[in-house]
Protein chains: 2
Amino acid sequence: MTTRMTRQRAAVAEALDQQDEFRSAQQLHEVLRARGDSVGLATVYRTLQTFADAQEVDQLRNADGEVLYRRCERVEHHHHLVCRSCRRTVEIDGPTVEAWAAKVGAAHDFTDIDHTIELWGTCADCRG
Amino acid sequence: MTTRMTRQRAAVAEALDQQDEFRSAQQLHEVLRARGDSVGLATVYRTLQTFADAQEVDQLRNADGEVLYRRCERVEHHHHLVCRSCRRTVEIDGPTVEAWAAKVGAAHDFTDIDHTIELWGTCADCRG
DNA sequence: CGATTCATGAGAACGATTCTCACGCTTGGT
DNA sequence: ACCAAGCGTGAGAATCGTTCTCATGAATCG
């Protein structure tokens with residue numbers, strides 16, 4: 001076996017599902033505490049990392065360097081357009097960018113190309 | 001006044017110019033120490049931040065979340081293709097991606113679009 | 001039911017970065 | 001050049017997100 005089902009993992013998964021936007025491990029920990037499903041902070045971190053490794057959640061860093069997690073609609077590879085202020089997120093499909101990234105990498109003889117492509121902006125609601 | 005010229009700032013700028021690849025504040029601090037131009041770590045951090053704010057150096061985060069700095073050839077906006085292992089860097093021009101990012105942002109009614117687009121790969125030399 | 005072994009949690013440890021604050025040096029004006 | 005004014009500096013403390021430690025708890029398999 002490699003992954004056991006525990007009360008904690010179920011709780012983190014559920015808390016994650018209730019969120020619409022990207023959240024930090026600490027925020028999710030707080031959500032869990034508020035719900036009464038107390039889970040240790042270290043466990044929240046570990047669980048999120050496990051989910052991310054299994055590609056069950058998406059992960060990105062905000063400008064402050066904090067890691068944020070979110071369970072996205074689509075499982076396939078995609079990018080995000082995130083509101084700087086409320087974190088409202090739009091999942092983006094970028095076949096053009098993917099191709100561009102691959103081409104640029106090949107052109108310079110780099111392999112195993114990986115790309116970090118995220119868009120940040122201010123959404124209509126946060127503009128007043 | 002807002003920016004004074006000090007021995008420390010000159011030293012950091014010079015150390016930065018001697019580097020071909022992206023370096024962390026701590027690495028640059030070490031470079032300075034090795035050269036004999038001792039500068040406090042806090043000052044290195046502050047100075048790099050100042051340079052970055054003035055867009056005199058480019059800044060990005062590696063997978064570990066560390067911030068890396070580099071004085072690039074071109075001053076205009078561009079992206080980077082960086083070798084994961086040796087950090088060899090290629091400056092990339094991405095008019096297509098820029099346009100794509102702007103269009104996607106507008107399509108979802110987000111303003112002040114900012115994008116994080118960096119490519120990571122393994123360069124020819126690091127492949128053996 | 002038990003044994004095995006992964007998972008958990010509290011707190012310590014870490015590592016990068018920022019802050020504090022007294023002292024020093026650059027600068028602009030004279 | 002000389003000085004006053006105030007930004008810049010540095011050593012170490014403080015932050016803060018994240019990871020590690022390790023004894024204890026609980027899924028899972030037979």
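Naming: A, B, ... by sequence-line order, numbering from 1 per chain.
Residue order along DNA chain C, read from the 5' end via each residue's closest nucleotide, puts A/A42 first among B/Q26 and A/A42. Across the interface with DNA chain C, nearest-nucleotide mapping of B/T6 and B/R46 shows B/R46 to be the residue nearer the 5′ end.
Of the options B/E21, B/Q27, B/Q19, B/Q26, a side chain to side chain donor-acceptor pair (under 3.5 Å) to B/R23 is made by B/Q19 and by none of the others. For the side-chain contact (heavy atoms from CB on, under 4.5 Å) criterion with B/V12, the lone passing option out of B/L28, B/L48, B/T50 is B/L48. A/D58 pairs with exactly one of A/H77, A/H78, A/R71, A/R70 by the side chain to side chain donor-acceptor pair (under 3.5 Å) rule, that one being A/H78.
Rounded to whole angstrom, the span from the CG atom of A/L41 across to the P atom of C/dA12 amounts to 14 Å. Remark: P of C/dT18 and NE2 of B/H29 are 15 Å apart, rounded to the nearest angstrom. Note: CG (A/L68) to C1' (D/dT18) measures 14 Å, nearest angstrom. Computed from coordinates, the B/D64 CG to C/dT17 P distance equals 11 Å when rounded to whole Å. The distance between atom CG of B/L32 and atom P of D/dT9, rounded to the nearest whole Å, is 12 Å. Look at CD on A/Q59: it is 14 Å from C1' on D/dG17, rounded to the nearest Å. If you take CG of A/L48 and C1' of D/dT19, they are 14 Å apart, rounded to a whole angstrom. Rounded to whole angstrom, the span from the CG atom of B/D37 across to the P atom of D/dT9 amounts to 13 Å.
The phosphate of D/dG10 (OP1 or OP2) has a side-chain N or O of B/Q8 nearer than 4.0 angstrom. Look at B/T43 and you'll find a side-chain N or O under 4.0 angstrom from OP1 or OP2 of D/dG10. Residue B/R4 has no polar side-chain atom (N or O) positioned under 4.0 Å from OP1 or OP2 of C/dC25. Distances shorter than 4.0 Å separate some side-chain N or O of B/Y45 from OP1 or OP2 on C/dT17.
Salt-bridge check for A/D112 with B/R84: failed, with every basic side-chain N at 4.0 Å or more from each acidic carboxylate O.
Closest non-hydrogen pair, A/A25 versus A/Y45, comes out as CB-CE2, 3.5 Å.
Closest to the B/R9 side chain, of the nucleotides D/dG8, C/dG9, D/dG12, is D/dG8.
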